[in-house]
Amino acid sequence: MATNLILGVVLLLCLAAVAWPFLFYPLILRALPTVAEAPVEGPKPSASLLFCAYNEAAAMPEKLANLAMLRARHPELAILAFDDGSSDGTGDLIAAQDDMVTLVRGPGRSGKAYGMKQLAARARGDVLIFTDANVLLDADAIDNLLARYADPQVGGVLGSLHYIGAEDSATASVGSLYWRIEEKLKDEESRTGNVLGADGSIFSIRRSLYPDFPDSVLDDLTVSMAVVFAGKRLVKAKDVIARERLVTARKDEYRRKVRIAARAWHTHAHLRPQLRRMAAVDRFKYASRKIVRWFGGLFILVGAIAAGALAMRVSPALYLAGALGVALVLWIGVRAKSGPFAALVDVMIAYAATLQGVAKAMTGRTVTVWNPAQSR
């Protein structure tokens, strides 16, 4: 009886841990008070827009057209790009627009963190705006982003990423749903003080806050967290919209999540001394949205073992029926290209990839360079 109770408690705790970032944490955030911004009159800050590219020739025509539109609206906007040793002519496409974009060519494969540091060192804008080579910004994104810097306490501003192509596959559909949840969490974190980390699609900081860091970390997480460490606010602007096409192939998404998770954990280890000095509410946010989620695959695995052991103790027939049912659902999901079973498999794959990436980083291995997904 005591063993059954222990197994039941373990199962419930694992279920609660998996649900924490998506259910309990949002409810707690909604209960926290709003921290208002306090804008003051003053000149709009100047800005530099930075992005890195590797083998993005297919995305460059649309990207360069988008940059031309932004530059037409903001003639004073400086645009800098880093080519990380592309072999498909990406650098040449950017270089052809040298009246609009300042191109820095890398020595070979050096990685995004290295490239962004090179660009930041050359940028002269009061605000550094970071984006990706395959991301397009809405026409009013720059105006809306810079307006938030009217509050002197705001040290960094995130935008809102809207994914394109959610209907193209179950993998894309799950990725879109996950990201909509992530965006809502960031909205609530911003309302209650600080967002705990940015992604590279669209974010910005005051140039004076740009930190020094090794090439092996996630530059977007490291740079954005420097704002919080400096005692300034990192906020999110819903009306600063960036658009990106989703990855549709499972193998591409798996590799992407392993890479991101490995670098995220490596970055976490690098930032740990500063994370410990954050305010209690920010430590709570960071643990809830990041650490608990990184170990979601482990919670699922332990919970599944506890559930199997409990079912076996109650009835071997119940255990067999449950195991066959799970196997059938997974088999259908792996073969399906859409529908709830396919979505469930993609969720499990995402958790497995994240856990693999964290485990990889814990053994001292990480990923510095990246390759664009072919299934975008």
Side-chain angles (χ1 to χ4, degrees), residues 17 20-21 25 28-29 32 35 50 110-121 127-128 130 152-158 182 185-186 188-190 192-200 203-236 257-299 354-370:
W20 180 269
Y25 177 48
I28 294 172
L29 282 178
L32 296 178
V35 179
L50 320 178
S110 305
K112 185 182 175 185
Y114 173 86
M116 282 301 190
K117 287 194 293 185
Q118 301 306 306
L119 299 180
V127 172
L128 303 181
F130 304 92
Q153 277 301 112
V154 170
V157 179
L158 286 64
E182 182 80 354
L185 285 176
K186 289 178 182 178
E188 284 299 306
E189 287 184 348
S190 179
T192 56
N194 289 317
V195 182
L196 272 295
D199 72 278
F203 79 100
S204 63
I205 69 163
R206 296 186 188 272
R207 181 163 59 92
S208 59
L209 299 178
Y210 193 81
D212 186 30
F213 51 89
D215 297 343
S216 56
V217 301
L218 275 174
D219 63 289
D220 43 18
L221 178 57
T222 304
V223 172
S224 59
M225 289 301 296
V227 174
V228 180
F229 298 152
K232 298 293 186 179
R233 286 193 65 185
L234 182 63
V235 300
K236 180 173 179 287
K257 287 193 176 296
V258 170
R259 171 176 57 83
I260 292 174
R263 296 192 70 190
W265 185 259
H266 183 75
T267 304
H268 168 75
H270 171 71
L271 298 178
R272 189 177 290 125
Q274 295 164 290
L275 292 169
R276 289 171 176 163
R277 295 194 292 269
M278 291 193 305
V281 65
D282 287 335
R283 292 199 305 271
F284 168 74
K285 288 179 178 180
Y286 183 89
S288 295
R289 186 160 67 85
K290 294 190 178 297
I291 296 178
V292 174
R293 191 180 297 172
W294 289 337
F295 289 96
L298 181 61
F299 297 137
T354 300
L355 185 59
Q356 181 183 339
V358 170
K360 183 177 182 178
M362 284 181 166
T363 61
R365 296 174 295 162
T366 187
V367 183
T368 302
V369 298
W370 82 105

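Keep in mind that what you see is a predicted model, and the values were worked out from it rather than measured.
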Option from D282, V154, V157, V227 for which side chain to side chain contact (heavy atoms under 4.5 Å, CB included) with L234 holds: V227
side-chain contact (heavy atoms from CB on, under 4.5 Å) involving P152 - partner list, sequence neighbours excluded: V40
Spacing of CG belonging to L196 relative to OG belonging to S190, to within rounding of 0.5 Å: 11.0 Å
Nearest-0.5 Å distance, NZ of residue K285 to CE of residue M278: 10.0 Å
Between CG on residue L119 and NZ on residue K112, distance to nearest 0.5 Å: 11.0 Å
Heavy-atom pair of closest approach, residues K117 and P214: NZ-C, 4.1 Å
Any H268 side-chain heavy atom under 4.5 Å of W294 side chain: yes
Between side-chain atoms of residues 219-226 and protein atoms elsewhere (two or more places apart, or another chain), which donor-acceptor pairs fall under 3.5 Å?
{"residue": "D220", "atom": "OD2", "partner": "G200", "partner atom": "N", "Å": "2.9"}
{"residue": "T222", "atom": "OG1", "partner": "L218", "partner atom": "O", "Å": "2.8"}
{"residue": "S224", "atom": "OG", "partner": "A198", "partner atom": "N", "Å": "3.0"}
{"residue": "S224", "atom": "OG", "partner": "D220", "partner atom": "O", "Å": "2.7"}
{"residue": "S224", "atom": "OG", "partner": "L221", "partner atom": "O", "Å": "3.2"}

OG1-CD1 distance between T354 and I260, expressed to the nearest 0.5 angstrom: 8.5 Å
Gap between atom NZ of K290 and atom OG of S288 - 0.5 Å precision: 11.5 Å
Straight-line distance of L275 CG to Y286 OH, nearest 0.5 Å: 4.5 Å
Closest non-hydrogen atom pair, M116 against L50: CE-O, 3.8 Å
W265/F295 aromatic ring centres below 6.0 Å: yes
Shortest non-hydrogen contact from I28 toward W20: CD1-CH2, 3.6 Å
Sub-4.5 Å side-chain heavy-atom contact between H266 and S216: yes
Closest contact, heavy atoms only, T192 versus E188: OG1-O, 2.9 Å
Sub-4.5 Å side-chain heavy-atom contact between L271 and F229: yes
L32 and V281, any side-chain heavy atoms less than 4.5 Å apart: yes
Parallel, tilted or perpendicular, as decided by the 30° and 60° cut-offs, for the rings of F130 and F203: parallel
Over all atoms of both residues, closest heavy-atom pair of G197 and K186: O-CE, 4.2 Å
Partner residues of R289 under the side-chain hydrogen bond (donor to acceptor under 3.5 Å, both in side chains) criterion, sequence neighbours left out: E182, E189
Heavy-atom pair with the smallest gap, counting every atom of R283 and R276: NH1-O, 3.7 Å
Whether R263 side chain and V217 backbone form a donor-acceptor pair below 3.5 Å: yes
